[in-house]
Amino acid sequence: MSMSDDEQRMQNLVSLAKRRGFIFPGSEIYGGYANTWDYGPYGVQLRKNIRDAWWQRFVTGRLDVVGVETPVIMSPKVWEASGHVGGFSDPMVDCKKCKNRFRADHLLEENGGAMPTACPECRGELTEVRQFNLMFKTNVGPMDDDLASAYLRPETAQGMFTAWKNVRDAMRVRLPYGIAQIGKAFRNEITTGNFIFRTREFEQMEIEYFVHPDHADEAFEMWLLEMKSWVRDVLKLPEESVVYQEIGEGDRAHYSSRTIDVEYKYPFGQKELYGLANRSDYDLKKHQEVSGEDLTWRDPHTGEKVLPYVIEPTWGLDRTVLAVLLAHMDEDAAPTSEKDKTESRVVLRLPKNLAPVKVAVFPLQKKEDLQTKAKELISALQAYGMAVEYDESGSIGKRYRRQDEIGTPWCVTLDMDSIEDGSATIRDRDTLEQERVVISDIPKTLFEQLHSNS
Ligand code: ATP
């Protein structure tokens with residue numbers, strides 16, 4: 001069977017990610033461990049750049065949002081109050097023969113609304129539909145009994161709800177007011193896969209935006225615009241690849257009065273990238289009930305006490321990495337050397353501020369004075385906070401190609417004239433234009449271009 005373009009694209013990405021040090025299969029020296037992935041040097045930097053851009057935009061860049069960091073293992077009471085212990089489960093069926101496990105709702109959908117009678121993989125017999133709790137259970141302390149059991153958090157959101165009271169009291173909060181967190185979440189997903197799209201350990205960037213119930217709808221609209229702007233202006237995902245999907249009443253989470261899924265057209269289908277939900281006062285009400293603490297907010301002007309509504313925009317970091325890589329992976333005909341002007345190249349056209357390496361510096365030859373000059377330039381670039389790479393091996397064409405594949409916006413080549421007149425050649429990843437510039441001007445000029453976000 002031949003591969004479709006979409007499958008081919010996905011395969012190209014997975015192999016580029018591995019070959020160029022973005023993402024590797026996890027525990028590979030032990031034969032791998034299904035659906036776990038290591039972020040390599042470039043992957044981890046790309047991920048950090050996305051995380052930093054998010055924090056800068058939504059926390060440090062705003063007066064109405066603050067950050068917290070709460071534990072992965074919280075009081076098990078949190079998960080009883082939130083409903084996760086009781087309800088955080090998907091209906092699933094197992095194949096008795098091949099032992100594959102499937103989401104019952106997925107099978108229904110694939111089978112036109114009726115439950116299939118046999119395993120789609122091996123035609124074996126399927127079990128009854130069962131509920132399956134997605135939370136990872138663990139033991140705290142030396143005892144291995146139910147009293148000692150706790151859970152790894154399946155979402156970061158509950159940390160903001162439990163911290164709400166302390167933040168409210170410490171920060172002299174006026175509504176609307178958001179609490180943000182970035183961190184790992186764990187779900188014992190039944191069906192994982194599609195590379196880093198669905199894993200059991202992943203990272204979320206979430207905001208719980210506490211708002212007077214009368215202003216919840218406005219806040220929802222505001223966050224929808226913010227999410228759209230993030231997707232368009234920061235990630236620069238093409239407009240046509242993102243769908244803002246209003247979720248109907250029957251399909252929403254039980255606590256939500258309005259939900260919009262932000263969906264990306266991945267090669268394996270249009271799937272959730274982010275979510276935006278109006279969680280009403282569901283969570284605070286529950287936590288108030290179970291903890292016995294007063295979680296209301298008192299308006300200092302009117303004296304009115306209200307239980308805030310919460311608007312929750314949520315961003316999956318790993319799904320962002322995947323969408324960003326897919327959206328910006330490109331192939332074009334580009335000259336890699338004077339001799340060969342027709343060869344094609346793979347290029348990651350990452351937004352410059354997200355690119356793992358900003359500048360690559362090449363001495364044309366392995367000569368000591370050139371190497372010294374290159375290292376000086378590197379120190380100056382690093383002083384501006386830019387991630388730099390040094391490469392002196394292979395032809396210049398090959399060196400460009402490597403940088404194109406990891407999305408480096410600029411390459412600077414130093415040649416013998418550089419020693420004479422202090423100039424060098426800058427080559428632009430996207431336009432392929434080469435410009436002769438004064439070396440000492442390079443750090444400041446590139447730094448400014450980086451922050452103009454063009
Ligand atoms: P899905 O329907 O795809 O399982 P969800 O609706 O359960 O997702 P949420 O509970 O809304 O997801 O989680 C918020 C965000 O966390 C998602 O929009 C997604 O970006 C990310 N996310 C959720 N589950 C996973 C996972 N297993 N792997 C990677 N990212 C995930």
Side-chain angles (χ1 to χ4, degrees), residues 23 26 34-37 39 43 47 50-51 54 58 72 79 82-84 87-92 101-106 108-109 132-136 151-161 180-209 223-224 227-228 230-231 235 237 242-248 250-256 258-266 268-279 282-283 310-326:
I23 302 165
N35 297 299
T36 64
W37 301 95
Y39 283 93
R47 213 158 167 276
I50 293 171
R51 205 194 274 121
W54 186 91
F58 297 125
V72 165
W79 308 111
S82 69
H84 284 84
F88 194 72
S89 54
D90 287 322
M92 55 115 214
R101 183 173 270 177
F102 306 94
R103 285 259 297 257
D105 52 332
H106 289 176
L108 272 175
E109 200 183 299
F132 174 72
N133 198 302
L134 292 183
M135 281 199 295
F136 279 104
Y151 302 95
L152 307 190
R153 65 178 175 200
E155 60 177 35
T156 56
Q158 296 303 323
M160 279 79 101
F161 294 125
Q181 169 159 228
I182 301 181
K184 286 273 175 103
F186 302 81
R187 295 182 191 174
N188 199 0
E189 297 273 10
I190 297 157
T191 38
T192 47
N194 289 321
F195 199 26
I196 55 171
F197 177 80
R198 189 183 300 282
T199 49
R200 297 197 172 90
E201 172 179 345
F202 54 95
E203 194 152 329
Q204 295 184 314
M205 308 187 287
E206 293 196 298
I207 297 170
E208 305 304 321
Y209 196 72
W223 280 108
L224 181 57
M227 292 185 103
K228 287 185 175 175
W230 164 262
V231 163
L235 307 182
L237 302 182
V242 184
V243 176
Y244 294 84
Q245 189 81 45
E246 186 87 41
I247 303 299
D251 297 324
R252 285 196 295 263
H254 58 93
Y255 52 74
S256 175
R258 189 176 175 201
T259 300
I260 287 183
D261 277 356
V262 183
E263 298 178 344
Y264 180 75
K265 291 178 182 164
Y266 292 97
F268 45 85
Q270 182 178 316
K271 307 258 183 208
E272 174 169 336
L273 173 62
Y274 304 141
L276 173 62
N278 178 345
R279 295 179 77 127
Y282 175 82
D283 306 86
V310 174
I311 305 302
E312 178 192 71
T314 173
W315 292 255
L317 179 54
D318 307 273
R319 287 187 190 179
T320 309
V321 169
L322 183 55
V324 163
L325 287 172
L326 283 163

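FYI, side chains are in, hydrogens and waters are out, and symmetry mates aren't considered; it's all heavy atoms of this structure. Counting starts at 1 for both ligands and their atoms, in listed order.
Annotation for ligand 1: atoms under 4.0 Å from non-hydrogen atoms of T199 are 26 (C), 27 (N), 28 (N). Listed by number with element, the atoms of ligand 1 under 4.0 Å from a non-hydrogen atom of F197 are 28 (N), 29 (C), 30 (N). The distance from ligand 1 to the heavy atoms of Y274 drops below 4.0 Å at these ligand atoms: 18 (O). Against a heavy-atom cut-off of under 4.0 Å, E189 is close to the following atoms of ligand 1: 24 (N), 26 (C), 27 (N).
The aromatic rings of Y266 and F197 sit perpendicular to each other, their planes meeting at more than 60°, with 30° as the lower class boundary.
Across L325, D318, V324, a single residue satisfies side-chain contact (heavy atoms from CB on, under 4.5 Å) together with V321, and that is L325. Of the listed residues (W230, F58, Y244), just one forms a ring-ring contact (aromatic ring centres under 6.0 Å, His included) with W223, and that residue is F58. Of the candidates R47, R319, K184, R47 is the only one forming a side chain to side chain donor-acceptor pair (under 3.5 Å) with E203.
No more than 12 heavy atoms of other residues, nucleotides or ligands lie within 6.0 Å of CD in E109, so this atom counts as exposed by the packing criterion.
Between the side chains of T156 and E206, at least one donor-acceptor pair of N or O atoms lies under 3.5 Å.
Comparing R198, R103, E272, R187 against atom 3 (O) of ligand 1, the shortest heavy-atom distance belongs to R198.
The distance criterion of under 3.5 Å between nitrogen or oxygen atoms is met by G316 with respect to ligand 1. For ligand 1, the polar-atom distance check finds no N/O of D318 at less than 3.5 Å from any of the ligand's N/O atoms.
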Is there a side chain to side chain donor-acceptor pair (under 3.5 Å) between Y282 and S256? Walk through the geometry before answering. CA-CA 8 Å; Y282 175 82; S256 175; over 6 Å; no
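Proximity of T314 to ligand 1, defined as any heavy-atom pair under 4.0 Å, is confined to the side chain (atoms from C-beta onward). Only the side chain of F202 comes within 4.0 Å of ligand 1, judged by heavy-atom distances. Here L273 has backbone heavy atoms under 4.0 Å from ligand 1, and that is the only part of it that gets that close.
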